[in-house]
There are 2 protein chains.
Amino acid sequence: MKRRNTPAKEAVLELLVKSQKALSQDAIESQIEIAVNRATIYRVLNSFCEDGIAHKIVAEDGKQYFSICKKCKHPEEKLIYHYHFRCLSCGTIECLKTPVQYTVPSGYQVEHANCLLTGTCKDCNTNS
Amino acid sequence: MKRRNTPAKEAVLELLVKSQKALSQDAIESQIEIAVNRATIYRVLNSFCEDGIAHKIVAEDGKQYFSICKKCKHPEEKLIYHYHFRCLSCGTIECLKTPVQYTVPSGYQVEHANCLLTGTCKDCNTNS
DNA sequence: TTTACTAATGCAACATAATCGCGTTAATAT
DNA sequence: ATATTAACGCGATTATGTTGCATTAGTAAA
Ligand SMILES: [Mn+2]
Ligand SMILES: [Mn+2]
Ligand SMILES: [Zn+2]
Ligand SMILES: [Zn+2]
């Protein structure tokens, strides 16, 4: 029931906070200080998502990426979805501040949005 | 170089047109009239995407879905991205007419957009 | 119609991502 | 110190998608 603090959780969280971008399981496993099993990393990340500490992004490569939730929630507990950006050059996946806006046909109810833009980021455009 | 007409292509295309929604490889394989190998289905679908006959959507389940391109292109050859909707109840993935609109920070260049909304569709909401 | 060229196919192997069962370990509260 | 059970590592498993290669068959030219 109640969550326990573990070295694995601390290390994953620290990495997510430090890197300031969305990370995949294998990126975490290779960058993390301590040795953490693959299954454990997934379990930790999913628990973060359940607890609203992180959110999951699915990219066109079919992989899951996880990013720290900073200002994901509006003051009134209302979730604000934002665009994500994947750079084809450096591979970085980052959260944009751009809010996701849409209208759906009447009768439709939206519960979640996963919006990913792909292209080249600022850094990669200026350094070329 | 030049494409050839084959039974597999015709059958897959017919299915995509008829179903009026985005289909995954396994859905196609189980619904198609003739027997077509899995690898062939993927090759056919990818060739359709290359030729602008279909487009690919990656859903949160990490799977690829393919849908016929109807009005995907603007008169001036400019691609218009639209939202897609995945119903959690019936599983249907459909193309919405809602255009994808966004602004990115200066220096960023967008080449592609994959935007998926998840929730419950009209049919599933009224029938419950 | 026959022939030549090669796109397209089936099949098996491969690669990768993610999950799951299970026995063990260790965080937390009593 | 002890009990409880969340969390863990490990291996197996599932699923998705791609690739190499020998064979088949669509297309156009002879
Ligand atoms: Mn984000
Ligand atoms: Mn579409
Ligand atoms: Zn970049
Ligand atoms: Zn539905």
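What you see below is based on every heavy atom in this structure, not just the backbone, and it leaves out hydrogens, waters and symmetry mates. All chains are named by letter (A, B, ...) in the order of the sequence lines, taking the proteins before the strands, and each is independently numbered beginning at 1. Keep in mind the model is a prediction, meaning the values are calculated, not measured.
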- Task: Mind checking the CD-CG spacing from B:Glu60 to B:Leu116? Nearest 0.5 Å is all I need.
- Result: 4.5 Å
- Message: So B:Gln25, base contact, sugar-phosphate only, or nothing? Heavy-atom distance under 4.0 Å.
- Response: nothing
- Item | Qualifying residues under side-chain contact (heavy atoms from CB on, under 4.5 Å), relative to B:Thr98, sequence neighbours excluded | A:Tyr102, A:Thr103, B:Tyr83, B:Leu96
Euclidean distance, atom [atom1] of residue [X] to atom [atom2] of [N] [Å, nearest integer]:
X       : N      : atom1 : atom2 : answer
A:Glu50 : D:dA7  : CD    : P     : 10 Å
B:Asp61 : D:dA15 : CG    : P     : 13 Å
B:Leu45 : C:dT9  : CG    : P     : 11 Å
A:Lys56 : C:dT19 : NZ    : C1'   : 11 Å
A:Lys63 : C:dT19 : NZ    : P     : 14 Å
A:Lys9  : D:dC8  : NZ    : C1'   : 11 Å

- Query: Do A:Glu94 and A:Lys122 meet the salt-bridge criterion of a basic N to acidic O distance under 4.0 Å?
  - Reply: no
- Do the non-hydrogen side-chain atoms of A:Ser67 and A:Lys21 ever get within less than 4.5 Å of each other? no
- Heavy-atom side-chain proximity of B:Gln64 to B:Leu45 below 4.5 angstrom: no
- Message: Please verify the inter-ring angle class for A:His112 with A:Tyr81; under 30° counts as parallel, over 60° as perpendicular, anything in between as tilted.
- Response: perpendicular
- Task: Can you label the angle between the A:Tyr108 ring and the B:Phe85 ring as parallel, tilted or perpendicular, going by 30° and 60°?
- Result: perpendicular
- Query: Between the side chain of B:Asn37 and the main-chain N/O of B:Ala39, is any donor-acceptor distance below 3.5 Å?
  - Reply: yes
- Query: Does any residue of residues 28-43 of chain B have a heavy atom under 4.0 Å from DNA chain D, and if so, which ones, in number order?
  - Reply: B:Arg38, B:Ala39, B:Tyr42, B:Arg43
- Task: Return the set of residues passing ring pair (Phe, Tyr, Trp, His ring centres under 6.0 Å) with A:Phe66 (not counting sequence neighbours), or none when no residue passes.
- Result: none
- Hydrophobic cluster of B:Val58, others only, ordered by chain and residue number, side-chain cut-off 4.5 Å: A:Val58
- Query: Considering residues, nucleotides and ligands other than B:Glu29, do more than 12 of their heavy atoms fall under 6.0 Å from its CD?
  - Reply: yes
- Starting from the first five and the last five pairs of the helix from C:dT1-D:dA30 to C:dT30-D:dA1, work out the angle between the resulting helix axes, to 10 degrees. 30°
- Query: How does protein contact run along nucleotides 25-30 of chain C, one letter per nucleotide 5' to 3', with B for base contact, S for sugar-phosphate only, - for none, heavy atoms under 4.0 Å?
  - Reply: -BBSS-
